Amino acid sequence: MENINRRKFIKTTALSGAAVATSSILNLESLASAKEETAAKPIAISSGNGAKALEKAMEMIKEGKDAIDAVIAGVNIVEDDPNDMSVGYGGLPNEEGVVELDAAVMHGPSYRAGSVAGIRNIKNPSKVARVVMERTDHVLLVGEGALKFARAHGFAEENLLTDQAREVWLKWKENLSKEDDWLPPHTIEDKEIGQIFEKYLRHYGTIHMSALDMNGNLSCVTTTSGLSFKIPGRIGDSPIIGAGLYCDNEVGSAGSTGRGEANLLNCSSVMIVEWMRQGKSPEEACLLACKRVNERCREKRLQDDQGKFKHGVSFYAINKKGEHGGANMRSGGSYLIHDGTAVKRIESAYLFK
Ligand code: GLY
């Protein structure tokens, strides 16, 4: 996989309107070459855990398949992977140790979408989301209803909790509180029992993929096991059309990973598409979404000592011309694209260093 390093420093004080993507040390040469490489269709973009998914999706796109077929087949690889503990089979469970998955798909040409939320025992929620889109009069099915619907369509049920994920959940449970009876292995000398250790902190893993196919059509998918150790029934942004993903076949496609609550409050994906409609590049639009999340946050518990939003959110976008962009709240993030030649890792723009 090729790494494209676009060294970039976005002055947070200049982050308004058209100034959003200007940079004092923007590496224009590498930026230009990244854009050149992706000028020709087709293209697919994903979060950083999507290398194999992108390979699969691009293979199908080159065969002339519709982008919706390609993005779903791509993310199915990650849903099936027990070692990706943020998506599908092997995803980290809720606080009771039960895996609950969210997924949504959106098809540009038909302007239809489908999603499932809080579904248990089905390892490919993105496939069920597609059936919701194609064979119901609804857009979103949740929980038991989503599971019954999947059963009716012949989806196999299985225990999604792998031993690896159960061990991580158990360590979280054992370190959750000093005031309950769940303790990790310890000796009589240990003082820190009951602390939540850094490596067991909760996280929001997800995969998003958007693609532009050989016919110039856009589609996207987002699929996740959601926030690890969540309250049962908690739904994140991933299955919510407009929050965790959105595509408009005339404009572009976008999606998000990271703290779903922030994206639910800001409808970030539909905003990114609308900003692209107004002429912003995919990267500018993604940065505006980061800026919106930060500015709208009023809760101190979600801010660092400087009053900046302290959780991670990441955005990914492509437009109808095949241009791509991504942005994170903090520096150091990246996203993947497949431009028809190879998977490439691109450094994301960011709001804060
Ligand atoms: N973005 C994934 C989630 O919050 O569930």
Side-chain angles (χ1 to χ4, degrees), residues 45-50 53 71 75 78-79 84-96 98-106 113 115-120 122-123 125-126 128-129 140-143 146 160 165 168-169 172 201-210 220-246 253-272 286 289-290 292-294 296-297 299 302 309-317 326-330 333 335 348:
I45 189 170
S46 82
S47 38
N49 52 350
V71 296
V75 301
V78 186
E79 288 175 335
D84 189 317
M85 298 172 83
S86 71
V87 176
Y89 178 64
L92 289 173
N94 66 21
E95 68 177 16
E96 293 175 353
V98 179
V99 179
E100 291 181 332
L101 304 178
D102 301 335
V105 300
M106 191 157 183
S115 65
V116 289
I119 190 169
R120 300 180 174 190
I122 304 289
K123 73 176 176 185
S126 60
V128 186
L140 170 59
L141 295 180
V142 305
L160 303 179
V168 174
W169 168 77
W172 169 80
L201 278 180
R202 308 165 73 185
H203 68 89
Y204 308 83
T206 299
I207 181 169
H208 167 78
M209 190 190 295
S210 285
C220 56
V221 59
T222 303
T223 176
T224 188
S225 50
L227 173 65
S228 54
F229 323 134
K230 60 197 172 190
I231 295 173
R234 176 266 187 190
I235 305 298
D237 56 332
S238 304
I240 304 302
I241 310 301
L245 77 172
Y246 196 78
S253 183
S256 60
T257 60
R259 184 179 164 84
E261 282 71 12
N263 296 328
L264 284 169
L265 289 171
N266 289 283
C267 297
S268 304
S269 293
V270 72
M271 289 307 303
I272 290 169
C286 290
C290 291
R292 173 70 60 92
V293 167
N294 179 60
R296 292 291 180 273
C297 176
E299 296 183 79
L302 302 177
F309 190 72
K310 71 179 180 192
H311 292 274
V313 290
S314 304
F315 300 107
Y316 318 89
N328 285 3
M329 193 60 68
R330 307 263 160 190
Y335 63 95
S348 298

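Remember, it's 1-based here, ligands and their atoms both numbered in the order they're listed. Here the structure is a predicted model, which is why all the values come from computation and not from measurement.
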Salt-bridge test for E261 and R234: reply yes if a basic N is under 4.0 Å from a carboxylate O, no otherwise. yes

Show the atoms of ligand 1 that are less than 4.0 angstrom away from any heavy atom in G226. 5 (O)

Please could you name the atoms of ligand 1 that S238 approaches to less than 4.0 Å, counting only its heavy atoms? 1 (N), 2 (C)

Qualifying residue, where the test is side chain to side chain contact (heavy atoms under 4.5 Å, CB included) with N328 and the options are C286, S314, C290: S314

Can you tell me the protein heavy atom closest to atom 2 (C) of ligand 1 and the distance? T206 OG1, 3.1 Å

Any donor-acceptor N or O pair under 3.5 Å, side chains [X], [Y]:
{"X": "T222", "Y": "S238", "result": "no"}
{"X": "T206", "Y": "T257", "result": "no"}
{"X": "D237", "Y": "S256", "result": "yes"}

Is the closest heavy atom of R234 to ligand 1 under 4.0 Å? yes

So, is [X] polar-close to ligand 1, with some N/O to N/O distance under 3.5 Å?
{"X": "G236", "result": "no"}
{"X": "D237", "result": "yes"}
{"X": "G258", "result": "yes"}

State, to 0.1 Å, how close H208 and A254 come at their nearest heavy-atom pair, and which atoms those are. CE1-O, 3.5 Å

If you measure from each non-hydrogen atom of L227 to ligand 1, which part falls under 4.0 Å: side chain, backbone, both or neither? backbone

